[in-house]
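From a predicted model like this one, the values you see are computed outputs, not experimental measurements. Sequence lines set the chain letters: A, B, ... in the order given, protein chains first and strands last, and positions in each chain run from 1.
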There are 2 protein chains.
Amino acid sequence: MIDNSDGKETKMETPAIPTLDAQLCFAIYSAAHAFTRSYKPLLDPYGLTYPQYLVMLALWEEDGRTVKALGGSLGLDSGTLSPLLKRLEASGYIARARDRDDERQLLVTLTPRGRDLGGEAAGIRAEIGRATGCAPGVLEELTAALRRLTDNLKAGEDTQADAA
Amino acid sequence: MIDNSDGKETKMETPAIPTLDAQLCFAIYSAAHAFTRSYKPLLDPYGLTYPQYLVMLALWEEDGRTVKALGGSLGLDSGTLSPLLKRLEASGYIARARDRDDERQLLVTLTPRGRDLGGEAAGIRAEIGRATGCAPGVLEELTAALRRLTDNLKAGEDTQADAA
DNA sequence: CAAAATTAAATTGTGTCCAATATAATTTTG
DNA sequence: CAAAATTATATTGGACACAATTTAATTTTG
């Protein structure tokens, strides 16, 4: 802490606390909420929430995955995924079945309806891309920068464990 | 939908669905979670959650605000803020009192302990800044880019209302 | 001025998230 | 091979987040 050399009091009144709007963490927090809100009217007709849509994206990328594998891709654990997957099953987009070779594992597979949704969702992706108001190149750069940031933060979590 | 002019089948099998990792919305979603997780061990000693910390930031910036005003800064409504503010009060960081001039409004003010926390939190900010692994200039640019993006998305929400 | 409209918070219900625990199946070890 | 350790998923409890409703106070209007 820098000394307030011309002040008389020992404790400083308000020691340069950054503005909410100046903080990257808040910019990301706000952007995440803005994305969720933008997706909502596009996903509502399909009865999907935004996190559910992310799970569908993961399954369109690779079908027939376990809860563990999905959780790895999405950064979520079974506490979040278990009930979410039940809702996706109730909506008719996925099927849940135990792996015959390892009954601990649950295999999540797309139903025909869930698979078809991937094509129908092209309109959603186009609409969102438009809503960002950014050129594709800018979006890619931002995405890459955020992934680097996320990786750094994740690495820091481990480091902290040592320090603590 | 665009016609698949050289294909024979009416429906395309898998029409170029982007990877999870290629999507900006998921990069932001992941970064937001990573920040929350990075903050957690730093905020736990104070009994604060990350959203509660954001409210404190807003109050350090301007004390004595109404729920409505806080919600405007944070992008949250009373449904989220009402219970959260009660928890902050229970933790001793803020006081909640009705505005004498307009009994509908609730004035949220920092307690001495809440005010002091702003200074103590300097260590948290330093630690997080370090954890991002980014130069200050990069952080500022990212913040600005995300704010533009968020503004665009918010503007799009209104546009959509017209179209729908 | 009184009824109607508006506004600010609080409440309720649904759906994430995460931590901690429980349950069940598999693998490792003695 | 049987007990112990590990692994995968499910469940429980606390805290957001948001839509919709409710309540109370204020403002607008007739």
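Between the A:T66 side chain and the A:L107 main chain, no donor and acceptor come within less than 3.5 Å of each other. Using a distance-only test at 3.5 Å, with no hydrogens or angles considered, no donor-acceptor pair links the side chain of B:D99 to the main chain of B:L106.
Paired runs in DNA chain D that reach 3 or more consecutive Watson-Crick or G-U pairs, where each pair keeps both distances under 3.5 Å, cover C:1-30 with D:1-30.
The distance between atom NZ of A:K40 and atom C1' of D:dC18, rounded to the nearest whole Å, is 8 Å. We find that NE2 of A:H33 is positioned 12 Å from C1' of C:dT16, with the value rounded to whole Å. Protein atom CG of A:L54 is 10 Å distant from nucleotide atom P of C:dT16, rounded to whole Å. Between A:D77 atom CG and C:dT16 atom C1' there is a gap of 11 Å when expressed in whole angstrom units. B:Y29 places its OH atom 13 Å from the C1' atom of D:dC16, with the value rounded to the nearest Å. Following rounding to the nearest Å, A:R100 (CZ) and C:dA25 (P) show an atom-to-atom distance of 14 Å. Look at CZ on A:R37: it is 15 Å from C1' on C:dT16, rounded to the nearest Å. Rounded to whole Å, the distance from CG on B:L43 to P on D:dC16 is 11 Å.
A salt bridge between A:R130 and A:E127 is present, with a side-chain N of the basic residue lying under 4.0 Å from a carboxylate O of the acidic one. A salt bridge links B:K40 with B:D44; the closest basic N to acidic carboxylate O contact falls under 4.0 Å. Salt-bridge annotation for B:R98 and B:E103: absent, with no side-chain N of the basic residue lying under 4.0 Å from a carboxylate O of the acidic one.
Using a 4.0 Å heavy-atom criterion, one finds that A:G71 contacts no nucleic acid atom at all.
Neither side chain, B:S91 nor B:R113, offers a donor N or O lying under 3.5 Å from an acceptor on the other. A donor-acceptor contact closer than 3.5 angstrom is absent between the side chains of A:R87 and A:T49.
Not one side-chain nitrogen or oxygen of B:Y50 sits closer than 4.0 Å to the OP1 or OP2 atom of D:dA15.
Across all their heavy atoms, A:F26 and B:Y50 have their closest contact at N-OH, 3.8 Å.
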Using the side-chain contact (heavy atoms from CB on, under 4.5 Å) rule, take A:F35 and B:L149 through it: C-alpha gap first, then chi angles, then the decisive distance, then the call. CA-CA 9 Å; A:F35 257 121; B:L149 172 70; 3.9 Å; yes
Using a 4.0 Å heavy-atom cut-off, write out nucleotides 5-15 of chain C from 5' to 3' as B (base contacted by protein), S (sugar-phosphate only) or - (no contact). --BSBBB---S
